[in-house]
**Q** 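A single structure is presented below for examination.
Naming: A, B, ... by sequence-line order, numbering from 1 per chain. Nothing here was measured: the structure is a model prediction, and the numbers come from that model. The figures that follow rest on heavy atoms only: side chains count, while hydrogens, waters and symmetry mates do not.
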2 protein chains.
Amino acid sequence: MNFQNLIKEFKKKGYKLTPQRRIILEILSEEKHISAEEIYERIRSSQPNVSFGTVYRNLNILLELGLIKQLDFKDGRTRFELNEGHHHHLICLNCGSAVEIQSCPFSSEVQKAAISQNFSIKSHSFKVYGYCRNCNYKKEKKGDRKGEQRN
Amino acid sequence: MNFQNLIKEFKKKGYKLTPQRRIILEILSEEKHISAEEIYERIRSSQPNVSFGTVYRNLNILLELGLIKQLDFKDGRTRFELNEGHHHHLICLNCGSAVEIQSCPFSSEVQKAAISQNFSIKSHSFKVYGYCRNCNYKKEKKGDRKGEQRN
DNA sequence: CTTCTAAATAGGAATGGTTATAATTTAAGA
DNA sequence: TCTTAAATTATAACCATTCCTATTTAGAAG
Ligand SMILES: [Mn+2]
Ligand SMILES: [Mn+2]
Ligand SMILES: [Zn+2]
Ligand SMILES: [Zn+2]
């Protein structure tokens, strides 16, 4: 969904279109996997008095509307992206960057396991942790690192 | 790994065996997917002056030793379990309970995607969100609910 | 264009899980 | 029993996120 459609969708739900909201939608349209703080900092360049409350409140509205998704890359902050096609991420344990992969491993075997438990599936999360192209390269000369993360 | 072996492993690494540590290992041996606060409350019944610092410090040591794993079920608190066989979870959006599934969906297709990106895989996380047997049953008479979570 | 007001924002305080600090206690080896 | 490095307790600090409320404003109505 592009910027203009986001605006339209937002107004259609009866929300007012404030400058702060317009900028948040702009930022989300042009950058994936962005944190609330990053959004806050960017808005400040045009709206110096914007508050964190405004950023979080609007991100939560966008989540309720289903226009964005929340992501957790295990670096202590929630990240956000527009709710476009289903995909997963390769997340670098060293630099925190994420590469998107379109391949989805959700299998009929998992489906069966859920059915056998009378569990009704609403969504799933799949993440791969490791070292990205760039950090692999650096490791060759600087020595190894370990990665611990919550699953 | 059972309780006695955990103790042995812990001492072998040069750590002192305190009563607090013994109890933490006991609790972890008998309960899966337990939070720091739950551990803290349980220890208090035999060690009333135990502090949160002790709980967190020792959980972090156990993580470093690779004896336990960290889990995130999206309810705001980190959970822990002994590092036994590789498995995944069906997580209930209503009651927060988790059912373990042995089926792992990690596929050669994902492997290929990683290779094509020069990404070296260290681990992966797969979680299924939905409603458990018990909450499904309740929903039939009480009306539906929605679930939003970080992926 | 002006008025009106429900909705939104700014600024700051509060929250909650987790980590850090420093004084005191203790496990365990000599 | 002595000794001491390591561990614990109690408390403060941290930090992402949420809450509170006085003030501002988008957009509807006249
Ligand atoms: Mn993405
Ligand atoms: Mn488990
Ligand atoms: Zn998928
Ligand atoms: Zn797996």
**Q** Just checking A:Pro19: base, sugar-phosphate only, or nothing, at a heavy-atom cut-off of under 4.0 Å?
**A** sugar-phosphate
**Q** Under 4.0 Å between any heavy atoms, over every strand shown, what does A:Arg21 touch: base, sugar-phosphate, or nothing? Just pick one.
**A** sugar-phosphate
**Q** Starting the side chain at C-beta, find the nucleotide from D:dA10, D:dG27, C:dG11 nearest to B:Asn49.
**A** D:dA10
**Q** Among D:dG27, D:dA10, D:dT17, which nucleotide has an atom closest to any side-chain atom of A:Lys16?
**A** D:dG27
**Q** Just checking A:Gln20: base, sugar-phosphate only, or nothing, at a heavy-atom cut-off of under 4.0 Å?
**A** sugar-phosphate
**Q** Taking the nucleotide of DNA chain C with the nearest heavy atom to each, does A:Asn58 or B:Ala36 sit closer to the 5' end?
**A** A:Asn58
**Q** In whole angstrom, what separates A:Arg57's CZ from D:dT21's C1'?
**A** 12 Å
**Q** Both B:Leu17 and A:Gly14 contact DNA chain C. Which one's nearest nucleotide lies toward the 5' end?
**A** A:Gly14
**Q** Over 60° means perpendicular and under 30° means parallel, so classify the ring planes of A:His33 and A:His89, tilted if in between.
**A** perpendicular
**Q** Report the distance from atom CG of A:Leu63 to atom C1' of D:dT17, rounded to the nearest whole Å.
**A** 13 Å
**Q** Assess whether salt bridge (Lys or Arg N to Asp or Glu O under 4.0 Å) is satisfied between A:Arg44 and A:Glu41, documenting all intermediate values.
**A** CA-CA 5 Å; A:Arg44 286 224 293 176; A:Glu41 287 300 344; 3.6 Å; yes
**Q** Quickly work out the A:Tyr15 OH to D:dA28 P distance and round it to whole Å.
**A** 16 Å
**Q** So what does B:Thr54 hit on the nucleic acid, given a heavy-atom distance under 4.0 Å: a base, only sugar-phosphate, or nothing?
**A** base
**Q** With side chain to side chain contact (heavy atoms under 4.5 Å, CB included) as the test, pick out the partner of B:Arg21 among B:Leu62, B:Ile61, B:Thr54.
**A** B:Ile61
**Q** What is the separation between atom CZ on A:Arg77 and atom P on D:dC14, rounded to the nearest whole Å?
**A** 17 Å
**Q** Which sits closer to the 5' end of DNA chain D, A:Tyr56 or B:Ile61, going by the nucleotide each is nearest to?
**A** B:Ile61
**Q** Do the side-chain N or O atoms of B:Thr78 get closer than 4.0 angstrom to the phosphate oxygens (OP1, OP2) of C:dG17?
**A** no
**Q** Whole-Å distance between D:dA7 P and B:Leu25 CG?
**A** 13 Å
**Q** How close or far is atom P of C:dT9 from atom CG of A:Asn60, stated in whole angstroms?
**A** 13 Å
**Q** For salt bridge (Lys or Arg N to Asp or Glu O under 4.0 Å), just list the numbers for A:Glu26 and A:Arg42, CA-CA rounded to whole Å, side-chain angles, deciding distance to a tenth of an Å, and then say yes or no.
**A** CA-CA 11 Å; A:Glu26 257 174 38; A:Arg42 290 210 195 188; over 6 Å; no
**Q** Answer with base, sugar-phosphate or nothing: what part of the nucleic acid does B:Phe52 contact at a heavy-atom distance below 4.0 Å?
**A** nothing
**Q** Check the distance between D:dT17's P and B:Asp75's CG and give it to me in whole angstrom.
**A** 16 Å
**Q** Do the rings of A:His124 and A:His86 sit parallel, tilted or perpendicular, given the 30° and 60° boundaries?
**A** perpendicular
**Q** Contact class for B:Thr18 vs. all strands (heavy atom < 4.0 Å): base, sugar-phosphate, or nothing?
**A** sugar-phosphate
**Q** For A:Lys13 and D:dA26, what is the distance between atoms NZ and P respectively, to the nearest whole Å?
**A** 23 Å
